[in-house]
Amino acid sequence: MRTINETLENFTIQYPLERIAPLDKLLFIDIETTGFTAKNSALYLIGTAFYADGCWQIKQWFAEQYSDEQPLLDDFFAFAADFTHLIHFNGNNFDLPYLLQKCEMLKLPHNFDSFMGIDIYKRISPYKFFLHTPNCKQKTLEELLGIDREDTYNGGELIGLYEEYVKQPDEDICRLLLLHNSDDMKGMLQILPLLAFYDLFNDPLTAKKVQANSFVDYHGHDKTELLMKLELPTPLPLTISTLSNGCYFSGEAREGILKVPTYDEEMKYFYSNYKDYYYLPEEDTALHKSVASFVDKEHRVQATAASCYTRKYSTYLPQWDIFAEPFFKRNYKSKELFFELTDEMKKDRAFFSRYAQYLLGKMAKTY
């Protein structure tokens with residue numbers, strides 16, 4: 001077994017990792033194997049990145065022979081014991097289960113029970129619609145941020161190289177194997193700013209300014225919208241813009257703009273307990289029986305679910321599901337829901353902060 005240490009000089013990360021844990025408690029990990037299952041393949045490299053002595057470091061454990069698996073695992077877990085948070089890229093699906101299976105095969109007592117785990121892939125992938133990227137593979141995300149790597153191989157191509165190395169050790173082959181893992185570790189650190197998109201949807205944001213805005217749409221129609229200027233929880237590493245269900249969001253650094261269509265029209269509020277109501281056809285409204293019982297029978301009928309409503313002309317905002325109540329609809333079968341923009345709401349900045357967070361979450365789940 002060989003251990004390799006590398007200090008990353010002048011290497012900075014544009015993401016506030018201290019929000020997760022103290023820097024010296026974070027351990028990044030990536031492994032290299034000759035296959036997908038521990039039972040039928042060999043573990044030949046564990047790479048880690050961590051912060052020590054004022055800079056980022058990379059430490060790798062390289063198995064020069066297949067028989068090096070056990071000392072490699074023992075040494076890695078002994079080293080990892082000083083950390084509290086394990087950070088990886090899709091490690092929940094591969095790296096960690098693989099290592100645990102390999103420990104079980106070798107009858108080693110190691111596990112990850114004492115670690116808090118953070119899977120970068122799982123935090124970013126739900127929001128790939130906002131990134132306008134076909135997938136969330138690590139190399140794709142690196143390319144998105146303009147990150148260059150020296151390594152030109154993928155993990156599958158290196159399997160044959162490692163098997164060749166075991167048969168005939170060669171330093172050039174070893175360098176290629178180590179470089180691939182080292183670039184994976186550096187790339188993992190460099191894509192961390194993309195966690196700002198996870199923060200955008202999971203941490204509180206602030207509506208700094210809310211105002212009505214009038215404009216003429218593509219068809220020449222006069223339209224109105226609610227314009228919210230937002231303070232984002234973490235600076236975005238990319239300038240983005242997205243349109244979904246009539247709502248438009250753009251974000252740059254710590255600032256976001258969310259535009260939401262408003263509707264000045266008459267809508268209906270449907271009472272749920274329609275059996276307790278009469279419908280008054282001439283007035284096109286429903287009244288509770290305790291009141292409508294005084295109306296002549298010829299001017300009232302038993303309300304149905306579709307006719308048990310009251311009408312109101314006002315300004316309305318959209319909602320995908322019930323964010324605010326009471327909720328209004330254009331007609332009984334309509335799936336579109338709205339709530340009234342009241343004068344009280346207009347003065348409540350915290351309400352708009354919650355509404356903006358709600359809309360962004362729904363926009364992300366639309367795709």
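A quick note: this is a predicted structure, and the numbers were derived from the prediction, not measured.
- R123 places no side-chain N or O within donor-acceptor distance of the main-chain N or O of Y198, the cut-off being under 3.5 Å.
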* Show the numbers, then the answer: is there a ring pair (Phe, Tyr, Trp, His ring centres under 6.0 Å) between F94 and F89? => CA-CA 9 Å; F94 178 65; F89 192 91; over 10 Å; no
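- Counted by atom type alone, T262 and T315 present zero donor-acceptor pairs between their side chains at under 3.5 Å.
- Aromatic pair F79/F83: ring centres closer than 6.0 Å.
- Residues I120 and M188 meet the side-chain proximity criterion, which asks for heavy atoms closer than 4.5 Å.
- Between F130 and F197, the ring center distance fails the sub-6.0 Å criterion.
- In this pair, F323 and F339 present their aromatic rings tilted. The plane angle is within the 30 to 60° band.
- Inspection of the Q302 and K289 side chains reveals an N or O donor paired with an N or O acceptor under 3.5 Å.
- The hydrophobic cluster containing L317 also contains W320, counting ILVMFWY residues as joined when their side-chain heavy atoms lie under 4.5 angstrom apart, directly or transitively.
- Shown here is M105, whose CE atom has more than 12 heavy atoms of other residues, nucleotides or ligands within 6.0 Å.
- At a cut-off of 3.5 Å, with distance as the only test, a side-chain donor of H110 or D74 sits close to an acceptor on the other residue.
- Residues Y313 and D264 are in side-chain contact: their nearest non-hydrogen atoms beyond the backbone lie under 4.5 Å apart.
- There is a side-chain donor-acceptor pair under 3.5 Å between Q57 and T7.
- Side-chain contact, Y279 with D284: a donor N or O sits under 3.5 Å from an acceptor N or O.
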For residues 349-356, which side-chain N or O atoms pair as donor and acceptor with protein atoms under 3.5 Å away, sequence neighbours left out?
{"unit_1": "R349", "atom_1": "NH1", "unit_2": "K208", "atom_2": "O", "d": "2.5"}
{"unit_1": "S353", "atom_1": "OG", "unit_2": "A207", "atom_2": "N", "d": "2.8"}
{"unit_1": "S353", "atom_1": "OG", "unit_2": "R349", "atom_2": "O", "d": "3.2"}
{"unit_1": "Y355", "atom_1": "OH", "unit_2": "P318", "atom_2": "O", "d": "2.6"}

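- In this structure, Q319 contributes its side chain and L337 its backbone to no donor-acceptor pair below 3.5 Å.
- Each of F328, Y309, Y332 was evaluated against K268; a single residue qualifies, Y309, per the side-chain contact (heavy atoms from CB on, under 4.5 Å) test.
- No donor-acceptor contact under 3.5 angstrom links the side chains of E164 and Q168, judged on distance only.
- Among the candidates L200, T234, I124, the single residue satisfying the side-chain contact (heavy atoms from CB on, under 4.5 Å) test with L195 is I124.
- If you chain together hydrophobic residues whose side chains sit under 4.5 Å apart, Y162 and L43 never meet in one group.
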